[in-house]
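Basis for what follows: all heavy atoms, side chains included, without hydrogens, waters or symmetry-related copies. Throughout, a chain's letter reflects where its sequence line sits, starting with A, and its residues are numbered from 1. Note that the structure is predicted; figures quoted are calculated from it, not measured.
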Amino acid sequence: MSNHGKKYGMLIDLDKCTGCGSCMVACMAENNVPFKKDESNKLVSITWMRVYRLTNGKPFPDTEICYLPRPCMQCEGEHGHSPCVSVCPAVATDYDFSTGIVSQIPTRCFGCRYCMAACPYHARYFNWYDPIWPKGMKESLSPHVSPRMRGVVEKCTFCFHRYQQAMEKAYYESREELEENEYQTACTQACPAGAIIFGDLNNPDHTVTRVVGPDDAHGGRPKNPAVFRLLERLGTNPKVYYTSTREWVRRQADNDAARGENAGRH
Amino acid sequence: MDSALIPEGVKRCPLPLFILGVLAVGAVLLWGVYAMLLCWIKGLNQTNMNDYYGFALWIWADLAVIALGGGAFFTGLLRYLVGKDELKNIINFAVVIGFICYSSALLILAIDIGQPLRGWFIFWHANVHSMLTEVAFCLSCYFAVLTIEFVPLVLEQRQLNKVTFFHHLGHNMHEIMAVFAATGAFLSFFHQGSLGGVAGVLYGRPFAFRESLLVWPSTFFLFTWSAAACGPCFTILVTKITEAITRKKLVGDPAIHTLAKISGWMILTYIMAKTIDTVYWALVTAPEGGFTLGQFYSHNAFYGYWILIAEVIVGGLIPALILISEKGRNNPRMLVLAAVLACVGISINRWVMVLQVMAVPVMPFDTWQLYIPSWQEVATTILPVAYGVLLIAFAHRYLPVFPQEKELNP
């Protein structure tokens, strides 16, 4: 493959996800996500990848559970302006047209938190506290990702540093393109159930594009009835797709209340 | 010494009493400064803001004081550009109130950001697409304009005015004040509007998002209009409070009634526009985002339909009807009641556009989030109030803020 602009995206199979949390742990370790003195207050915790627990609301024995991992959706609004990018007053977050990834520059951010207000997925996290690293852990921090300081916003970047490393390797080998699995996010790699597939949505040879559907991968509503995106109707055009054969899961994950289809809501 | 500083021909309370009052308010101010320092030194973990409530009490206070301070630009516009000459008796005080509100707003923003030392990035790395950039530029420029409008008032202080240079400088600044009034009105239009735009462009937040008129969301115009409408009510209210505390008539009725009448019609037209906007949003914009109106006002412990009624009817329509009726605005009690309701109404509007926006669950499996501010947030929000009281106290005592005072209190 050559001569195509990349647009990296993710497909998460909710029928395979067991809610083990490996993706969360891998994400934290890979991206130097800091600890706090008290992790019990989840409203101020930092989890770039967060796993939600959904239920069909029925009493036992008809109860069903679904775990929904939620990384940054890497939205692609009009002209590449995702909800957070267009509001940031200092361009501390930006849309990379060469990869489709929404980047975050901690040293540019001055902590106005407008991007957090704009993100409907709560995928952006403010560093309310100074980062705490348990004894000896500083030595094992990843040298490829800058630790963030108090007072700035951070978020999932689809492990963008891994893309840079993969590209460096490709250039070294006189290649301009990456093989399908050369660039994988930490959560994709860590998922024991293989529920997360990651790849270039613009590349029809990539598994993610084959499952999502080439047309759907260009912003259209997925034709595959099992594939959906969170809050599709808001027009944020996320690059994270989900798939589930369970109708109640699909209903809960989309905001179709106005059409009277969202029985599970509230 | 003190009597030499007080404007000639007016009476002020004894100095010890004044100092006592200043100390009492100063204690509140120091409490706020302590909380502010905690936030700067220890960080925003001193607040109860969280990942759901990135915007909270401060931003509401910020938006509210800016809206209430809108009396400065609108009174200046009416006085210098429209030619409402009777407003010359209240314009000085309107400028003082505006100066307090805008300096408070900038102070709040300085406390609010997570990295205060990087605050200048908003100017240096400005993103022209961001409404917050527009807010920062216009707010800073308008504060500079307000300072320029405030300076002649200071230069007219009895002792300073004896210095020939200051006397001429103050006089000449007065002469060209129409230019600054026009500049202020222009800047205010954009920064009041862009504050509305901050919420209106959040297309990921269906409670706040509005369709655009030209390139701006409708909240842009609603915020400007509401600030121009309700700001004068705040000026009237603070004037009446000052009169009650000093037990003197400080501004003549013609100025108050002119301002009240214009404010009444402005509020009425604003409420009509707000109602149309709300209906369109409820019937078209929100359903397009997959939401029904009921979802924004039910299934939670606080945000019921009452808040919509309180904002539009109690804090909008009722004060508008009182103020446009001659009988209503001529009745001192009704006038104050209308001013209070209008100020409450606009404060509710800003509250809703900041805090309810954050509280509403957007993801279908999410839940309503309620938030209670920490004492540090409350203290830093009260801080500007104490600062404002002190500035008004000093301005009233030592500056010729009220040109009619001698005439009204022979």
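Applying a 4.5 Å heavy-atom cutoff, the residues of residues 36-43 of chain B that approach chain A are B:W40, B:I41, B:K42, B:G43. Annotation: residues 117-130 of chain A contacts chain B through A:A117, A:A118, A:C119, A:P120, A:Y121, A:H122, A:Y125, A:F126, A:W128, A:Y129 [non-hydrogen atoms, separation under 4.5 Å]. Using a 4.5 Å cut-off between non-hydrogen atoms, the part of residues 106-116 of chain A that approaches chain B consists of A:P106, A:T107, A:R108, A:C109, A:F110, A:G111, A:C112, A:R113, A:Y114, A:M116.
For the pair B:G69 and B:Y102, the tightest heavy-atom approach, listed with the atom from each and the gap, is O-CE1, 3.8 Å. Across all non-hydrogen atoms, the minimal contact from A:M28 to A:P34 is CE-O, 4.2 Å.
Formation of a donor-acceptor pair under 3.5 Å by the A:N32 side chain with backbone atoms of A:V145 is found in this model. Here the side chain of A:T93 pairs a donor or acceptor atom with the backbone of A:S103 at under 3.5 angstrom. Side chain of B:Q192 to main chain of B:I66: a donor-acceptor pair is present (N/O by atom type, distance under 3.5 Å, no hydrogens or angles).
Between B:F296 and B:W281, the distance separating the two ring centers is shorter than 6.0 angstrom. A distance of 6.0 Å or more separates the ring centres of B:F121 and B:F123.
The side chain to side chain donor-acceptor pair (under 3.5 Å) pairs that include a residue from residues 193-211 of chain B are B:R210-B:D277, where partners are two or more places apart or lie in different chains.
Of the N and O atoms on the side chains of A:D15 and A:S244, at least one donor lies less than 3.5 Å from an acceptor on the other residue. A donor-acceptor contact closer than 3.5 angstrom links the side chains of A:E154 and A:W48. In this model, a donor atom of one side chain and an acceptor atom of the other lie less than 3.5 Å apart for B:R350 and B:S226.
The local environment of OH in A:Y52 is crowded, with over 12 non-hydrogen atoms from other residues, nucleotides or ligands closer than 6.0 Å. Within a 6.0 Å sphere centred on CZ of B:F302, heavy atoms belonging to other residues, nucleotides or ligands number more than 12.
Within the 4.5 angstrom heavy-atom criterion, no atom of A:T55 approaches chain B. Proximity to chain A (any heavy atom under 4.5 Å) is restricted, for B:L202, to the side chain, taken from C-beta onward. Heavy atoms of A:L43 lying under 4.5 Å from chain B belong to its backbone as well as its side chain. Contact of B:V198 with chain A is made through backbone and side chain together, with heavy-atom distances under 4.5 Å. If you measure heavy-atom distances from B:Q369 to chain A, the contacts under 4.5 Å come from the side chain alone.
By number of non-hydrogen pairs under 4.5 angstrom with chain A, the leading residue of B:I113, B:N127, B:D51 is B:D51. When B:A126, B:G204, B:A208, B:A136 are compared by the number of non-hydrogen pairs under 4.5 Å with chain A, B:G204 comes out ahead. Interface check for chain A: of the options B:E134, B:M49, B:Q46, the most heavy-atom pairs under 4.5 Å are formed by B:M49.
Ion pairing between a basic and an acidic side chain is recognised when a charged N comes within 4.0 Å of a carboxylate O; A:E247 and A:R250 show no such pairing.
The aromatic rings of A:W133 and A:F35 stand perpendicular to each other, their planes meeting at an angle above 60°, with 30° marking the opposite boundary.
Atoms NE2 and OG1, from B:H125 and B:T133 in turn, are 12.0 Å apart once rounded to the nearest 0.5 Å. Rounded to the nearest 0.5 angstrom, B:I372 CD1 and B:E377 CD are separated by 11.0 Å.
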